[in-house]
Structure formats: structure tokens, C-alpha cells
J.: 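Below is a structure I'd like to ask you about.
Per chain, numbering begins at 1; letters A, B, ... match sequence-line order.
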2 protein chains.
Amino acid sequence: MEHGIKPSYPRIKILEYLITKRSHPTVDEIYSNLVKEIPTLSKTTVYNTLNLLISANIVRVVASEENETRYDADVTSHGHFKCEKCGAIYDFRIDVGALKTDDLKNFKIKEKNVYYRGICEECLDNIENKI
Amino acid sequence: MEHGIKPSYPRIKILEYLITKRSHPTVDEIYSNLVKEIPTLSKTTVYNTLNLLISANIVRVVASEENETRYDADVTSHGHFKCEKCGAIYDFRIDVGALKTDDLKNFKIKEKNVYYRGICEECLDNIENKI
DNA sequence: TTTAAATTTGTAATTATTACATTTTTATTA
DNA sequence: TAATAAAAATGTAATAATTACAAATTTAAA
């Protein structure tokens, strides 16, 4: 694994899960799914691994208003949209460089997050169908 | 109180606290400070009241990557900057209308949040002073 | 003043996360 | 290969945030 992290089996599987299922899962989701494959997996290992991947900048936490920590293996700049109906989190391309503010001119900005809430296309369609 | 919420004493005090101290406090901060004035105050009331104010759109939660829910009585559009050193959250003016993305063209966007992380001016000054 | 409704309170339950000691695995070296 | 040391994973317990809910209190209405 990159960034000097030893590629143990659980670590590979956890990162793999994040990369393939791009659903911004919670610890619970990751654990519940992987424990089928790795019966000895413990939730603490999932926490440890995610925190390790975060400090290595391979994974980041999705900023939100909820008390659910969700993880994302895509650390390139993009926005997150959370659907209020189905709870899904969508990625979207956004140019955070276009965001300008004079208020922070003497601040050191390390990270810019953009987070939207609303109703996704699919749920809008479902609502319409039911009326 | 506006929005059809009955202005009880705890409710007024909680909203007043949020409006005057614009520090985006946690429930704990609000409770700890107000209990001095209102000795019978319970933390459940703080939670209840904040959730009530949120559903009335008088208060909003600050989106972040941390597991700390912080509240803001300013519901007009602005960004939040969190300092990694001192933990303070700063408001800043930002034109979220300038954010455009084609990826969400069939989505209903209800709320746009902008959240930055980094080091604030004050902490940058302190670091420089110590070197 | 009585009654009903709304609000607040306190305790218990739930959930997410971290702390930490123990066990297991992996890598190293004799 | 066996012994040893280091790293990683595990499981349990502790902590903290939040919600559920029933009881008590306050407020408003009749």
C-alpha cells in the first residue's frame, strides 16, 4: 500500500471496499459487509484502519450536519450532495477554486468542503409517480 | 417568538445565547453556561429546544467532519472556517450562488454548505512568534 | 379554580467512538 | 527452522453524544 502503510488483509479489504462501493459508507456498513468475508474482523480494526488511512490522506471524512461519520476514498476535490429522502450521498464535480472570499485573506486554508442537501433525481421521480 | 414557537424562558435564553455569543457552541457549552442562570435547566431541554428551532429554520447545524454538533443562529448564507489549532469556527461571507455544477441539474438543492479547515490568523501569528 | 395542554425534567436506553490490554500475525535473525 | 521482536488485530470496557420516555411542572383556557 502507498504512503508507508503495511498492506495487511483487513486494510486492503477496507480500502478496497471504499474504492469499489463509492457509497460513502459508515463504519457499521463497512464492518457488516466485510465481516461476512473476514469473520474475525473487529469493529475496532475498522476504526483503526480508517483513521490510519485518513492520516495518510488516502481517505477523508465526508462533512455533514448529521452525527454519522461517512468515509470517502476519493480525496480529489469534489462536492457531496445528501438526499433527504433516501439518505444517499452523491459526489458532484465542483470548482472550489472559484470560491473567493476576502474575509479569510490572512488565514491558511488547507481544505475546502462543499456539502449540499436536498432531494435527488430518483426520489423526485418517485414522489411525482405517487401523486 | 417567531414561527409559532411559544417563547418560554429556557427557549428565549437558548436562542439569545446563540445570537449573542456567535461562537457556534455545542450543546454542552450552551447547557454549562445557561445552567448558571437557570439552575433547573436540563440538557434534554437544550436538545429539545435546538431541534425545535432547527425545524423552524431559526437555527442551523454547522456542517463539519467532526463528531461535534455545533449550532448557528445565523441562517443566512455564509461559510464556516474551522481552525485546526484553536478549534474556533469563523463565519465568512461567500457567494454560494457562484457555485455551479451540471451534475445536479435534476436534483432539488435545498441547502448549500461551505466548510473550510485550516489555521486562523491568530494562531498563525502565535506560531510565528514562537519561532 | 379546575382542567387540559404544553413544556420541562430526569433517568434510562441507544449509539458511536476511543482506550487499552491481550492475542495473533508477520517479519527478522540466529 | 526455531526463537524473538515488532506490528497489527481483537475484544472488552470506558466515555460521550443523543434520543426515548414517563413523571413532574408550568402555562393557558374554560
J.: Given C/dT17, D/dT10, C/dT8, which nucleotide is nearest the side-chain atoms of B/P10?
T.: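 So the side chain of B/P10 is nearest to C/dT8.
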J.: Can you figure out which of D/dT10, C/dT17, C/dA16 approaches the side chain of A/D28 most closely?
T.: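 In terms of side-chain proximity for A/D28, the closest of D/dT10, C/dT17, C/dA16 is C/dA16.
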J.: For A/E66 and D/dT18, what is the distance between atoms CD and P respectively, to the nearest whole Å?
T.: 12 Å
J.: Name the closest nucleotide to the A/Y47 side chain, picking from D/dA7, D/dT10, C/dT18.
T.: C/dT18
J.: Decide, yes or no, whether a salt bridge links B/K21 with B/E16 under the criterion of side-chain N to carboxylate O below 4.0 Å.
T.: no
J.: For A/I54 and C/dT17, what is the distance between atoms CD1 and C1' respectively, to the nearest whole Å?
T.: 12 Å
J.: If you check the B/R11 side chain, which of C/dT8, D/dT10, C/dG10 turns out closest?
T.: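 Among C/dT8, D/dT10, C/dG10, the one nearest the side chain of B/R11 is C/dT8.
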J.: Looking at B/V75, B/L53, B/L52, B/I14, which hits side-chain contact (heavy atoms from CB on, under 4.5 Å) with B/V59?
T.: B/L53
J.: Would you mind telling me which of D/dT10, C/dT9, D/dA7 lies closest to the side-chain atoms of A/T40?
T.: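 Given the options D/dT10, C/dT9, D/dA7, the side chain of A/T40 is closest to D/dT10.
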J.: So, is A/T69 close to the C/dA16 phosphate, meaning a side-chain N or O under 4.0 Å from OP1 or OP2?
T.: no
J.: Calculate the interatomic distance between B/N51 atom CG and D/dT18 atom P; express it in whole Å.
T.: 9 Å
J.: Compare side-chain N and O positions of B/T44 against OP1 and OP2 of D/dT18 and report whether any pair is under 4.0 Å apart.
T.: no
J.: D/dT15 C1' sits how many Å from B/E68 CD, rounded?
T.: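 Between C1' of D/dT15 and CD of B/E68: 16 Å.
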J.: Write down the distance between CG (B/L53) and C1' (C/dT8), rounded to a whole number of angstrom.
T.: 15 Å
J.: Among B/I89, B/V61, B/D91, which residue meets the side-chain contact (heavy atoms from CB on, under 4.5 Å) test with B/D72?
T.: B/D91
J.: Can you check the A/N48 CG to C/dT24 P distance for me, whole Å?
T.: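 So the two atoms are 18 Å apart, to the nearest Å.
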J.: Among the candidates D/dA9, D/dT18, C/dT8, find the nucleotide nearest to the side-chain atoms of A/T49.
T.: D/dA9
J.: Measure from the side chain of B/V27, starting at C-beta and using heavy atoms only, and say which of C/dT18, C/dT8, D/dT18 lies closest.
T.: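 The nucleotide sitting nearest to the side chain is D/dT18.
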J.: Looking at every strand, decide which applies to A/N67 at a 4.0 Å heavy-atom threshold: base, sugar-phosphate, or nothing.
T.: sugar-phosphate
J.: Salt-bridged, B/D74 to B/R60, with N to O below 4.0 Å?
T.: no
J.: Rounded to the nearest Å, what distance is computed from the CD atom of residue B/E29 to the C1' atom of nucleotide D/dA17?
T.: 14 Å
J.: Crowded around B/E122 CD? As in, over 12 foreign heavy atoms under 6.0 Å?
T.: no
J.: So which nucleotide from C/dA16, C/dT8, D/dT10 ends up closest to the side chain of A/L41?
T.: D/dT10
J.: Within the structure, does a side-chain N or O atom of B/T45 lie under 4.0 Å from either OP1 or OP2 of C/dT9?
T.: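 Checking C/dT9 against B/T45, a side-chain N or O does come within under 4.0 Å of OP1 or OP2.
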J.: What nucleotide among D/dA8, C/dT8, C/dT9 has an atom nearest to a side-chain atom of A/S8?
T.: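 In terms of side-chain proximity for A/S8, the closest of D/dA8, C/dT8, C/dT9 is D/dA8.
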J.: Are the charged groups of A/K108 and B/E84 less than 4.0 angstrom apart, N to O?
T.: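 No.
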J.: Report the distance from atom NZ of B/K43 to atom P of D/dA17, rounded to the nearest whole Å.
T.: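 In whole Å, D/dA17 P and B/K43 NZ are 7 Å from each other.
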